[in-house]
A.B. asks: 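Provided herewith is a single structure, encoded as structure tokens, for subsequent inquiry.
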Amino acid sequence: MINETPRVRFAPSPTGYLHVGGLRTALYNYLFARRNKGKFILRIEDTDRKRFVEGAVENLITSLKWCGLEFDEGPDSGGELGPYLQSQRLHIYDHHVQELIKSGHAYYCFCTSERLNALREEQQRQKLPQAKYDKHCLHLSKDEIENNLASGIEKVIRLNVESNMKIIFDDIIRGRVEFDSNNIDDQILIKSDGYPTYHLANVVDDHLMKITHVIRGEEWLSSTPKHVLLYDFFNWEKPQFAHLPLLLNPDRSKLSKRQGDVAVEDYRAKGYLKEALVNFVALLGWNAGDDKEFYYLDELIEKFSLERVNKSGAVFDLEKLNWLNAEHLRKKSDEEILQLLKEEVRQSSFADIQYSDEYLLKVISSMKERVSFVHEYLSKSPYFFKEPNEYEQAAVAKSWKPETPDQLKKLCETFAQLDNPTKEDFEHAFIKTVDELNIGKGKLIHPLRLAVSGLSTGPGMFDILFILGKDEVIRRINKAIDTLKN
RNA sequence: GGCCCCAUCGUCUAAUGGUUAGGACAUCGCCCUUUCACGGCGGUAAUAUGGGUUCGAAUCCCGUUGGGGUCACCA
């Protein structure tokens, strides 16, 4: 145990997508493995045939890889201790559960769902503290069991939990946790369809796959005593447990679909950078003990430790995610952003217009401090991609005066004389014009911005003029004069 | 309801017996500025509560309250 290389796993059920809570669990497992030179394993817990979702496993892997979490062993990456799909390990669970039956720690149960329901209702009517199976089938005779088995009636296999036992385990995050076996039900281990339940499968697989640390969500804490019992009954060494605090909705309930996006692919589709998502989710429940909040994955690996994971749940705060996205986006080089922007343009309504890299790079450097998402280059400065067709109402009312058209015409005449103007040339020409007009700069600069961009906000005026170029600027001014003259 | 977990600004968190309880997001104000941002400066804002222990408690113990999780032939 001491010098064993750590082996951890992320064991999601393939429900169709990667939940951000799942991403956080996967990330902590990954960081722990990389930090401690261990192995990170992906195991798919697909033992519920009713919940089978086509393509879910592929989708899960795609999301995980998009985030940069590469696993060492898993369904599509091989490994010595596979298969890594539980549905392909049925014979293994079957083999092990037979041992339990032999040793008396598990037993066949032939109770119908009608009897189980009646039992539960009766227990509720009596206001018993909790509903539990009454161990009816534990007391069946050998012959009865043989006959039932031979007759082929439906059966399950249950865990035989003894009463009056203390079940204690140490959790890395929560410390010592204690349960009373009287509160633990005779959990079904093998379902009537022959598939194992989570409890059996996860213990058998974690043992066989030599998992050293079980790092999972807090929702598993209350079923951990069942797992501890199984390890003891099998006479297996237990892994170390670390139950992570839950990710919460703004109302502090467990993060769920009803209150917003929960799938990694949703955030990806909304334009969040993987660096930001990973950085954000890492900080939900963990910190290095200092004030650093901006991290890349490799820095997280270097700093991560389970000992610094918090105990209490954390609200998934979109505002902070947005801020981190902006931070990560601004830290990228213009060339990196160029690639992202070209992809964004390709998927936009401007797809068939050609913009040169040189042009887009100018747009990027002028807008970089003003956007939080790549798609905002298009939505916040559409005028770099097409001429304005309408003009911001409030700004027109505020700055478009009766004398404005004539002043802008004069400005156009000055611009027209420029030869391949730089930003400074535009500025000088502008100043010369307002001087001749004997008006303040502000008198003309706002209408000019409006005429050229249709909006009242954006990069420096002369940056916009330079990026657009002389001919386009003059064209747009004339169009604005025509449109707004009324 | 039983069992289990948790409890510092609105949110994420730091402070592992001695701090004017710190930082970040958000928010508000000021500066910068032709606009909007970025940036800079500053403000509002927290130890749930009652008892202990201690010279001293956000920190340790107990109770209360509050929140969450879990009680399936789902994971």
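Here is the naming used below: chain letters follow the sequence lines, and residue numbers restart at 1 for every chain. What you see is a predicted model; the values in this text were computed from it and never measured.
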A.B. asks: Nearest to the side chain of A:Glu293, which nucleotide is it out of B:G23, B:C73, B:C4?
C.D. replies: B:G23
A.B. asks: Would you indicate what A:Asn310 reaches in the nucleic acid, counting non-hydrogen atoms under 4.0 angstrom: base, sugar-phosphate, or nothing?
C.D. replies: sugar-phosphate
A.B. asks: Under 3.5 Å, is there any donor-acceptor pair linking the side chain of A:Arg174 to the base of B:C5?
C.D. replies: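 No pair found.
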A.B. asks: In terms of side-chain heavy atoms of A:His446, which of B:C25, B:C74, B:U35 is nearest?
C.D. replies: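 Nearest to the side chain of A:His446 among the choices is B:U35.
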A.B. asks: Looking at B:C5, I'd like to know if its phosphate oxygens (OP1 or OP2) sit under 4.0 Å from a side-chain N or O belonging to A:Ser312.
C.D. replies: no
A.B. asks: Need one value for A:Pro447: base, sugar-phosphate or nothing, where a base atom within 4.0 Å counts as base even if backbone is also close, heavy atoms only.
C.D. replies: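 The residue A:Pro447 makes no contact with any strand.
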A.B. asks: Could you measure between the two C1' atoms, the one in B:G29 and the one in B:U13, and give it in whole Å?
C.D. replies: 25 Å
A.B. asks: With rounding to the closest Å, how many angstrom separate the C1' atoms on B:C31 and B:A15?
C.D. replies: 32 Å
A.B. asks: Does A:Val156 reach a base, just sugar-phosphate, or nothing at all? Heavy atoms under 4.0 Å.
C.D. replies: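 Base contact.
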A.B. asks: Return the nearest nucleotide to the side chain of A:Arg449; candidates are B:C73, B:C12, B:U34.
C.D. replies: B:U34
A.B. asks: With heavy atoms under 4.0 Å as the rule, sort A:Phe179 into base, sugar-phosphate or nothing.
C.D. replies: sugar-phosphate
A.B. asks: Measuring only the P atom in each nucleotide, how far is B:C5 from B:C9? A whole number of Å is fine.
C.D. replies: 22 Å
A.B. asks: Tell me yes or no: between the side chains of A:Ser253 and A:Asp251, is some donor less than 3.5 Å from an acceptor?
C.D. replies: yes
A.B. asks: Under 4.0 angstrom, heavy atoms only, what part of the nucleic acid is A:Val371 near: base, sugar-phosphate, or nothing?
C.D. replies: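 No contact at all - A:Val371 keeps every heavy atom at 4.0 Å or more from the nucleic acid.
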A.B. asks: Please measure how far the P atom in B:A57 lies from the corresponding atom in B:G52, and state the result in whole Å.
C.D. replies: 12 Å
A.B. asks: Does any nucleotide pair with B:C60 by Watson-Crick or G-U wobble geometry, both distances under 3.5 Å, and what is it?
C.D. replies: B:G52
A.B. asks: Rounded off to whole Å, could you give me the CD1-to-P distance for the A:Ile153 and B:C73 pair?
C.D. replies: 17 Å
A.B. asks: Taking A:Asp205 first and then A:Arg9, would you say they form a salt bridge - that is, a charged N and a carboxylate O separated by under 4.0 Å?
C.D. replies: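 Salt bridge flag = no for A:Arg9 with A:Asp205.
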A.B. asks: Could you pick out which residue, A:Leu221 or A:Phe316, lies toward the 5' side of RNA chain B when each is mapped onto its nearest nucleotide?
C.D. replies: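 Here A:Leu221 is the residue nearer the 5' end.
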A.B. asks: Do any side-chain nitrogens or oxygens of A:Lys254 fall under 4.0 Å of OP1 or OP2 in B:U70?
C.D. replies: yes
A.B. asks: So what does A:Ser13 touch, heavy atoms closer than 4.0 Å: a base, only the sugar-phosphate, or nothing?
C.D. replies: sugar-phosphate
A.B. asks: Under 4.0 Å from OP1 or OP2 of B:U13: is there any side-chain N or O of A:Asn287 that close?
C.D. replies: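 Indeed not, no polar side-chain atom of A:Asn287 lies that close.
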A.B. asks: Would one find a side-chain N or O of A:Arg252 under 4.0 angstrom from OP1 or OP2 of B:U11?
C.D. replies: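 Answer yes for this pair, as a side-chain N or O of A:Arg252 is under 4.0 Å from OP1 or OP2.
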A.B. asks: Would you classify A:Phe462 as touching base, sugar-phosphate or nothing, given that sugar-phosphate means primed atoms plus P, OP1 and OP2, and contacts are heavy atoms under 4.0 Å?
C.D. replies: base
A.B. asks: Looking at A:Arg370 and B:C38, is any side-chain donor or acceptor paired with a base atom of the opposite kind under 3.5 Å?
C.D. replies: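 Check fails, no donor-acceptor contact within cut-off.
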A.B. asks: May I ask you to say whether A:Glu472 pairs ionically with A:Arg476, meaning some side-chain N is under 4.0 Å from a carboxylate O?
C.D. replies: yes
A.B. asks: With a 4.5 Å cut-off on side-chain heavy atoms, are A:Tyr377 and A:Ile337 touching?
C.D. replies: yes
A.B. asks: Side chains of A:His243 and A:Arg216: donor-acceptor distance under 3.5 Å anywhere?
C.D. replies: yes
A.B. asks: Which of the following nucleotides, B:U35, B:A75, B:C71, is nearest to the side chain of A:Gln130?
C.D. replies: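 Between B:U35, B:A75, B:C71, the one nearest the side chain of A:Gln130 would be B:C71.
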A.B. asks: Which nucleotide sits closest to the side chain of A:Leu246: B:G68, B:A26, B:C73?
C.D. replies: B:G68
A.B. asks: Can you tell me which nucleotide in B:G69, B:C73, B:A75 comes closest to the side chain of A:Ser192?
C.D. replies: B:C73
A.B. asks: What interatomic distance, in whole Å, is found between P of B:G1 and the corresponding atom of B:U47?
C.D. replies: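 So the two P atoms sit 28 Å from each other.
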A.B. asks: What interatomic distance, in whole Å, is found between P of B:A45 and the corresponding atom of B:U11?
C.D. replies: 16 Å
A.B. asks: Looking only at atom P, what distance separates B:G69 and B:C12, rounded to whole Å?
C.D. replies: 15 Å
A.B. asks: Nearest to the side chain of A:Glu327, which nucleotide is it out of B:U35, B:C74, B:G39?
C.D. replies: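 Selected nucleotide: B:G39.
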A.B. asks: Quick one: does A:Lys380 reach the base of B:A37 with a side-chain donor-acceptor pair under 3.5 Å?
C.D. replies: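 Answer no: no donor N or O sits under 3.5 Å from an acceptor.
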A.B. asks: Please determine if a side-chain N or O atom of A:Asn182 lies less than 4.0 Å away from the OP1 or OP2 oxygen of B:C3.
C.D. replies: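 The answer is no; no side-chain N or O of A:Asn182 sits under 4.0 Å from OP1 or OP2.
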A.B. asks: Does a donor on one side chain sit under 3.5 Å from an acceptor on the other, for A:Lys132 and A:Asn183?
C.D. replies: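 No, no side-chain donor-acceptor pair sits under 3.5 Å.
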A.B. asks: Would you indicate what A:Gly460 reaches in the nucleic acid, counting non-hydrogen atoms under 4.0 angstrom: base, sugar-phosphate, or nothing?
C.D. replies: base
A.B. asks: Of all the choices, B:U34, B:U11, B:A75, which nucleotide is nearest to the side chain of A:Glu45 once you look at every atom?
C.D. replies: B:A75
A.B. asks: So, A:Glu275 and A:Lys331, do they make that salt bridge, N to O below 4.0 Å?
C.D. replies: no
A.B. asks: Partner lookup for B:C71, please. Criteria are Watson-Crick or G-U wobble with both distances under 3.5 angstrom; report none if nothing qualifies.
C.D. replies: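 For B:C71, the partner nucleotide comes out as B:G1, under the 3.5 Å rule.
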A.B. asks: From the list B:C25, B:C73, B:C74, which nucleotide is the closest neighbour of the side chain of A:Arg51?
C.D. replies: B:C74
A.B. asks: Base, sugar-phosphate alone, or nothing: which one does A:Gly442 contact when heavy atoms must sit under 4.0 Å apart?
C.D. replies: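 Nothing: the residue A:Gly442, judged by heavy atoms under 4.0 Å, touches no strand.
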A.B. asks: So what does A:Thr47 hit on the nucleic acid, given a heavy-atom distance under 4.0 Å: a base, only sugar-phosphate, or nothing?
C.D. replies: sugar-phosphate
A.B. asks: Tell me whether the count of non-hydrogen atoms from other residues, nucleotides or ligands lying under 6.0 Å of NZ in A:Lys292 goes above 12.
C.D. replies: yes
A.B. asks: For B:U35 and B:U44, measure between their C1' atoms and round to the nearest Å.
C.D. replies: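 Nearest-Å result for B:U35 against B:U44 at atom C1': 29 Å.
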A.B. asks: Within less than 4.0 Å of OP1 or OP2 of B:A75, is there a side-chain N or O belonging to A:Lys191?
C.D. replies: yes
A.B. asks: How long is the gap from CZ on A:Arg158 to CG on A:Leu100, to the nearest 0.5 Å?
C.D. replies: 14.5 Å
A.B. asks: Could you check whether A:Gln187 gets within reach of a base, just the sugar-phosphate, or nothing at all, counting any heavy atom under 4.0 Å?
C.D. replies: nothing
A.B. asks: Are any of A:Arg308's side-chain N or O atoms less than 4.0 Å away from OP1 or OP2 of B:A15?
C.D. replies: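 For B:A15, OP1 or OP2 has a side-chain N or O of A:Arg308 closer than 4.0 Å.
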A.B. asks: Nearest nucleotide by nearest heavy atom, which residue falls closer to the 5' end of RNA chain B, A:Arg158 or A:Arg176?
C.D. replies: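 Its nucleotide being nearer the 5' end, the pick is A:Arg176.
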A.B. asks: Kindly assign one of parallel, tilted or perpendicular to the pair A:His227 and A:Trp220, based on the angle between their ring planes and the thresholds 30° and 60°.
C.D. replies: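 Geometry flag for A:Trp220 against A:His227: tilted rings.
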A.B. asks: What is the nucleic acid contact for A:Pro12, judged by heavy atoms within less than 4.0 Å: base, sugar-phosphate only, or nothing?
C.D. replies: nothing
A.B. asks: Tell me which nucleotide among B:U13, B:C4, B:A24 gets nearest to the side chain of A:Lys320.
C.D. replies: B:A24
A.B. asks: Can you tell me the pairing partner of B:U8 across any strand shown, Watson-Crick or G-U wobble, with both distances under 3.5 angstrom?
C.D. replies: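 In the structure as shown, B:U8 has no Watson-Crick or wobble partner.
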A.B. asks: Check this one for me: any side-chain N or O of A:Lys50 less than 4.0 Å away from OP1 or OP2 of B:C74?
C.D. replies: yes
